[in-house]
Amino acid sequence: MPKYDYDLFVIGAGSGGVRAARLAAMSGAKVGIAEEHRVGGTCVIRGCVPKKFMVYASEFSSHFKAAEGFGWSRTEASFDWPAFIRAKDIEIARLSGIYVTNLQNAGADLVHARAELRDAHTIALGDRDRTYSVGKVLIATGGRPTRPPIPGVELSITSNEAFHLPQLPKSILIVGGGYIALEFAGIFAGLGVATTVIYRGANILRGFDNDVRSHLAAEMERRGITVILGCEHTRLEKTAGGVKSSLTNGHDLETEVVMYATGREPYTEGLGLETAGVALNERGAVAVDNYSKTNVANIWAVGDVTDRIALTPVAIREGAAFAETEFYGRPTAFDHEMVASAVFSQPPVGAVGLSEADARQKFGKVDIYRAVFRPMKVTFYGGQERMLMKLVVHPGTDRLLGCHIVGPDAPEMIQMAAIALKMGATKAQWDSTCAVHPTAAEELVTMREKYVPMEL
Ligand code: NDP
């Protein structure tokens, strides 16, 4: 008789949970995985993947504009939001289906139910009238959008609803200056929606390099997005045509839709974590060590519920490292250093490593290499959009500390740049790489002159 009903039970079939469950099941372990919504989690169902489809859809308007400069005659283009949403939902269903098939092929037992720990080794599944004994437990429940308690905030939507709006609004006010706010601002503006972003701080994208932040804000404004800084809501009220926003800058703004993108919180509620004795950290996330282990000997947690770096590939690597450690006898801790990320704003951002400000704080002096230019495609059609590329270099060792790009294809470029930075490349090694011509990316390996800002 096996000691437990399941060697491993995973709560949450998102990116991290599914990877861990599959790998563990492929080792021969008896694995169960519960999902209360749809398999695939935030990334596949209401995050990265449908967002990227929306970005693609919204970019056509700027492509149409550029096309004229390349000799195409003006064609009347119109956008059918319901048709796009239908196509998007079909593709998301297909991808979710692949996740289900992969779990089944690996031999994991997928349970469409809510799971709750009754103690560290006992789990209840939905309304089933029995509980299950489990050897190891992995919490991978992700996060949920959070909104501040402002009067009328319930009149706003979050990213969850933005994926299913019955029709495209004529105007939208987006609150926040992070990934989600800026990505949706680009999407809605590209689709022809009058778009305003309000952000409470002095500049958008806190945590990113300051040049990236100002460059992106300026480029977004160039594309017709109104960015209001140092501004918050005092209240929201329903009107005949939508929502009236009363703002701290003393102005009122009426838009058809208000969307809050003010961060996400770890989803820890109602999982029985307290009953099982699992400790949370000061941010309300499950507290884990480098091996994603909680304070309870047989319980681990990966992904956004641990609030380390809230990115899909990080959750996947944490899930894989857990499975390697616990089911293949190869202790593996995912290294959270030098994780690249991209903001799919328009223009998009790619960044890896330290910002100039963080590098100066850490090392005192740093060398900066910087290029701001109009890509050749833009100059050809007479556009004004500019691209930013920036390298932060340690002067003593010549090691690359950070790479920051704003402009077309920045997310694709940063993936490659991240390999060099993760390997610890020096600027001299980077520069010894021959350029690929004609590309925008060649600027990255041809920045010879150190940049000296005016104020230094
Ligand atoms: P972010 O943390 O990126 O941004 C939240 C924004 O909301 C910040 O600008 C923050 O301001 C602001 N904010 C927070 N609280 C308030 C408040 N009470 N009033 C007004 N503004 C407020 O969160 P997101 O929701 O955009 O995304 C969550 C996470 O998901 C990201 O951090 C990222 O890790 C991940 N993600 C990644 C994507 C990608 O890889 N492309 C895409 C989407 C999400 P302040 O800066 O002042 O704190």
Side-chain angles (χ1 to χ4, degrees), residues 14-16 41-56 142-153 156-163 173-187 196-208 210 212-213 216-217 220 227-236 245 247-249 258-267 283-285 303-318 336 339-352 355 405-406 410-412 414-415 418:
S15 303
T42 300
C43 173
V44 177
I45 308 299
R46 62 193 88 80
C48 327
V49 176
K51 177 275 309 285
K52 190 80 188 278
F53 294 142
M54 290 171 120
V55 170
Y56 285 137
R144 292 184 297 184
T146 162
R147 291 180 291 192
I150 287 172
V153 77
S156 68
I157 62 163
T158 67
S159 55
N160 283 351
E161 294 74 41
F163 291 113
L173 171 65
I174 301 180
V175 187
Y179 285 80
I180 296 179
L182 304 183
E183 291 180 346
F184 274 94
I187 289 168
T196 305
V197 172
I198 61 166
Y199 171 56
R200 64 181 176 180
N203 207 353
I204 55 173
L205 272 191
R206 184 166 62 83
F208 281 73
N210 286 334
V212 167
R213 300 169 71 191
L216 178 61
M220 284 174 60
V227 181
I228 305 176
L229 300 173
C231 185
E232 291 178 75
H233 270 110
T234 53
R235 65 185 312 110
L236 293 84
S245 294
L247 305 175
T248 51
N249 63 5
V258 174
M259 173 176 163
Y260 263 74
T262 45
R264 296 173 60 85
E265 62 188 4
Y267 185 16
R283 298 183 305 276
D304 291 6
V305 77
T306 64
D307 197 20
R308 286 175 280 183
I309 302 178
L311 296 173
T312 295
V314 172
I316 290 173
R317 295 293 291 270
E318 289 168 355
H336 291 81
V339 171
S341 82
V343 187
F344 292 93
S345 45
Q346 292 176 41
V349 174
V352 61
S355 67
I405 308 171
V406 187
E412 304 291 340
I414 209 67
Q415 176 68 84

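As the structure lists them, so they are numbered: ligands from 1, and atoms in each ligand from 1. All of these numbers come straight from a predicted model, not from anything done at the bench.
- Ligand 1 has no N or O atom lying under 3.5 Å from any N or O atom of G176, backbone or side chain.
- Looking at heavy atoms from C-beta onward, L229 lies in side-chain contact with I204 at the 4.5 angstrom threshold.
- Counting heavy atoms under 4.0 Å from ligand 1, residue A261 touches it through the backbone alone.
- Ring geometry for F184 versus F163: interplanar angle over 60°, hence perpendicular rather than tilted (30 to 60°).
- Considering backbone and side-chain atoms alike, P148 places every N or O at 3.5 Å or more from each N or O of ligand 1.
- Using a 4.0 angstrom heavy-atom cutoff, G201 does not count as in contact with ligand 1.
- Regarding atom 9 (O) of ligand 1, its nearest protein heavy-atom neighbour is G177 N, 2.9 Å.
- R144 places no side-chain N or O within 3.5 Å of a backbone atom of E265 that could act as its donor or acceptor partner.
- Side-chain N or O atoms of T158 include one that pairs as donor or acceptor with a backbone N or O of N160 at under 3.5 Å.
- Aromatic pair F344/Y56: ring centres not closer than 6.0 Å.
- Under a cut-off of 6.0 angstrom, the local environment of CZ in R264 is crowded, with over 12 non-hydrogen atoms contributed by other residues, nucleotides or ligands.
- Of the listed residues (R308, R200, R147), the one carrying the non-hydrogen atom nearest atom 20 (C) of ligand 1 is R200.
- Near R206, the atoms of ligand 1 lying under 4.0 angstrom from a non-hydrogen atom of the residue are 45 (P), 46 (O), 47 (O), 48 (O).
- None of P145, S156, S159 except one satisfies the side-chain contact (heavy atoms from CB on, under 4.5 Å) rule with Y260; the exception is S156.
- Counting heavy atoms closer than 4.0 Å to ligand 1, residue I309 contributes nothing at all.
- Under 4.0 angstrom from ligand 1, the non-hydrogen atoms of A342 all belong to its backbone.
- Here the side chains of K51 and I180 are not in contact, with every heavy-atom distance at 4.5 Å or above.
- In summary, the atoms of ligand 1 found under 4.0 Å from a heavy atom of F344, numbered by their order in the structure, are 41 (N).
- Short contacts between ligand 1 and A310, defined as distances under 4.0 Å to a heavy atom of the residue, involve ligand atoms 30 (O), 33 (C), 34 (O), 35 (C).
- Shown in contact with R264 at under 4.0 Å from a heavy atom are these atoms of ligand 1, numbered in order with element: 28 (C).
- For atom 3 (O) of ligand 1, the nearest protein heavy atom (residue, atom name, distance) is Y179 N, 3.4 Å.
- Residue V343 has no N or O atom closer than 3.5 Å to an N or O atom of ligand 1.
- Ranking the protein heavy atoms by distance from atom 4 (O) of ligand 1 puts G178 CA, 3.4 Å first.
- Side-chain N or O atoms of T262 include one that pairs as donor or acceptor with a backbone N or O of T146 at under 3.5 Å.
- Shortest contact from atom 23 (O) of ligand 1 to any protein heavy atom: G263 CA, 3.5 Å.
- Looking at L311 next to ligand 1, no N or O pair under 3.5 Å apart turns up.
- Looking from atom 26 (O) of ligand 1 to the surrounding protein, the closest heavy atom is I180 N, 2.9 Å.
- Contact between K51 and ligand 1 is present, with at least one heavy atom of the residue lying under 4.0 Å from the ligand.
- Below 4.0 Å from some heavy atom of E183 lie the following atoms of ligand 1, by number and element: 39 (C), 41 (N), 42 (C), 43 (C).
- Taken from CD1 in I198 to CG in L173, the straight-line distance is 5.0 Å, to the nearest 0.5 Å.
- Looking at T196, T248, V175 one by one, the single match for side-chain contact (heavy atoms from CB on, under 4.5 Å) with C231 turns out to be T248.
- In this structure, atom 14 (C) of ligand 1 lies nearest to the protein heavy atom T262 O, 3.3 Å.
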